[in-house]
Amino acid sequence: MYLCPKIAFKRSVSFNSFSNLFFRFFQTTLPNQLPNHLNTNNSKLDLPSLDGTSTSQLFQTYTNHLRQCAERKSLAEVKTIHLHMNKSGFPHLSLGNKLIHAYLKCDSIDDARKLFDEMPQRHIVIWNSMISTYIRQKRSREGIHLFEMMVLEGVIADEFTFSSVFKGFADLGLLHEGRKAHGRLLVSGLEVSNVFVGSALVDMYSKFGKMRESRLLFDRIVEKDVVLATALIVGYTQYGEDGEALQVFRDVVIEGIKPNDYTFSSVLIACGNLADMCIGKQIHSLVLKYGFEAAVASRTSLLTMYSKCGLIDDCLKVFDRFANANLVTWTSVIMGLVQNGREESALLMFRQMIQCAISPNAFTLSTALRACSTLAMFVEGKQIHALIMKSGYNTDRFTVAALVDMYGKCGNTEMAISVFSGLELDELDVVSVNSMIYSYAQGGYGIEAVRLYDQMQYFGFEPNDVTYVSVLSACSNAGLLDEGCRIFSSLKSNVRIEPSRDHYACMVDLLGRAGRFEEAEALIAQVKNPDVVLWRTLLGACKIHGKVELGERITSKILEIEPGDEGAHILLTNIYASAGHWNEVTKMKIIMKEMKLKKSPAMSWIEIDKNVHTFMAGDLSHPRAIEIDKELESLNEKIKVMGYLPDTSFVLQDLNEKEKERSLNYHSEKLTIAFGLLSSRKKTTCIRIFKNLRVCGDCHTWIKFVSKVVGREIIARDAKRFHQFKDGLCSCGDYW
DNA sequence: CTAGGGTTAG
């Protein structure tokens, strides 16, 4: 059927002067034999025998076949035709173009490039097609390289060229190069007369955050359209000028430009960023009016808008109307749930999504991890870690930061370290380092946190405001006063960061607990509008140091700012109680009763086999209360032998010694631990409990003894940090 | 025969 190469050569030499070159061109780009998988004997391809077929007939046949194959996007068929040309030695410049376009239609830009490179003359259309395909396929480097080659060869770029290259410059982050191309465009006079070119340019400047230049260009373009307007709107939303984005939207709609689903999704993002549910709802009704509710992207932004406005139920309603949600939509709704404090539902959704055979990506996984962190769900978190390892997202920096954060919040500093240290230096970023520092902080590893903070700067990472909060709270948790002061002064000399209340709060805590009240107060005086949190922190220090008068003074300051402040009342009551001023305690209780302020009751909880068991202080309502009581009794007997003495000074009620001891015995954390020990007798499992308030001093000592006597690791997360009890010692070093 | 804008993150 096919001609032998010799005959093909003979035929080819009889063509025009390019023929020799073209013969080589076709011969070299493809092997003579197609690989088996491509050599499908497709019946649709009916290639002519070359004997007795005229050149013009061949040309027609090839042209038709190429057009059809390109429409079918059948790469194999295009290759078969290409091979047939090779065998027949049929070369033709315009067929070279058609062949390249056929390859491009079949998404095989590399095959197209091979042909392109060997062409002696290239039409501007071919240049444009190659360049735009590269850039569309995210191979901007090659696209821009071709553009530069084109310029060097003296080919004049036209409106088609310009409308694709700017996206390439934006992708590669080459602002300067993009500007140079813009200069070339100015010479050509196409800048504002062609809306395709104009919107590409507006898009590029928007992506570089050059919103002023974007806006000036936009205003100069004569015939505006919806794509141009969307490019500008998107730019504004991405650089935090959401109000401006909405204004542009209003303006163009008034001018008669019809928004489409692309426009709506960006406008809805603006509403979400502004958390403006009023405008958001209005835009929603416009979406309905224009009939775009079914378009997937605008529905995703629609539900994100609702979740960012705090209307999580409306967000779920939108989601329920999705027939088959895609990964992005699922991820958005899971994210919405997490952001609105519905972590359990978020994890439920996450599981549902997997059941729908949709594989989570890095976005989904890090969101699910955030839900686990907030709830300190260690077991779930570990399962998601396994998913991450399986799906290969373990080098994604968002995901890794979320993993470190999850382990940190679950009190497993070792795992946080292990995940973090698995990162190569070039995979690190400020956020993952921050997560690690904060994990150290929660675990009470102050020295390690400070060391990592010093190291990160050695490796050229610029600390940000979160870094300072993390490292300062590490110092405050570990009582590292000198280090704290050093870091705080470095923060103050850092011109890029304005110290926030959080930073001050750490320092006030550190100074206050060290008993340096004057310095702490002087620090608060430096804050422009000191809020109650700062004063409350200092009030907490007063409690530790038994500073009754200072406590009273600070309380009145707090009540000036926030008359009904619950925390201040409770703290002052506690200060009076620990100083034994029972009359004052009674007065405070009456005041609080009159003001209808209620102390949030202490409670602890533990998760056993996916069930959460909650205990209040003195709470004997648990079904296994009798066993728990017995367990407590036996524990107390054992540890008293070892030297445990109940410290009744922590009982803040006016009771006699015996009653005090009894009250102490039924603190929620003790009940929870006794129950935990009852429920899991395996020595290697560690007991993990949570408490809504800070752990009390007597309980802290008690747990240390218990960890030794039962030979088990006990981890307690209180309102502020983790305590890891092991062999009679606690990771906090008794400073908390 | 070729061209421009959008959906999820700490």
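Residue numbers begin at 1 in each chain, while the letters A, B, ... track the order of the sequences.
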- Item | Length of the CD-P vector between A:Glu223 and B:dA3, whole Å | 22 Å
- Identify whether the distance between the nearest side-chain nitrogen and carboxylate oxygen of A:Asp111 and A:Lys79 falls below 4.0 Å. yes
- Do A:Arg342 and A:Asp313 sit within salt-bridge range, that is, some charged N less than 4.0 Å from a carboxylate O? yes
- Rounded to whole angstrom units, what separation is found between the CD1 atom of A:Ile233 and the P atom of B:dG4? 19 Å
- Item | Interatomic distance, A:His101 NE2 vs B:dA3 P [rounded to whole Å] | 8 Å
- Would you indicate what A:Val466 reaches in the nucleic acid, counting non-hydrogen atoms under 4.0 angstrom: base, sugar-phosphate, or nothing? nothing
- Query: Ignoring hydrogens and angles, does a donor from either the side chain of A:Asn194 or the base of B:dG4 sit under 3.5 Å from an acceptor on the other?
  - Reply: no
- To the nearest Å, how far apart are A:Ile100 CD1 and B:dT2 P? 13 Å
- Message: Is it the case that atom CD in A:Glu153 sees more than 12 heavy atoms from other parts of the structure closer than 6.0 Å?
- Response: yes
- Contact class for A:Arg136 (heavy atom, under 4.0 Å): base, sugar-phosphate, or nothing? sugar-phosphate
- For the pair made of CZ in A:Phe147 and P in B:dA3, what is the distance, rounded to whole Å? 16 Å
- Item | Electrostatic pair A:Glu343-A:Arg370, nearest N-O below 4.0 angstrom | no
- Task: Verify the neighbour count for atom NZ of A:Lys210: are there more than 12 heavy atoms of other residues, nucleotides or ligands below 6.0 Å?
- Result: no
- Message: Any salt bridge linking A:Asp117 with A:Arg113? Criterion: basic side-chain nitrogen under 4.0 Å from a carboxylate oxygen.
- Response: yes
- Message: Walk along nucleotides 5-10 of chain B from 5' to 3' and tag each nucleotide B, S or - by protein heavy-atom contact under 4.0 Å, base first, then sugar-phosphate.
- Response: BBBBBB
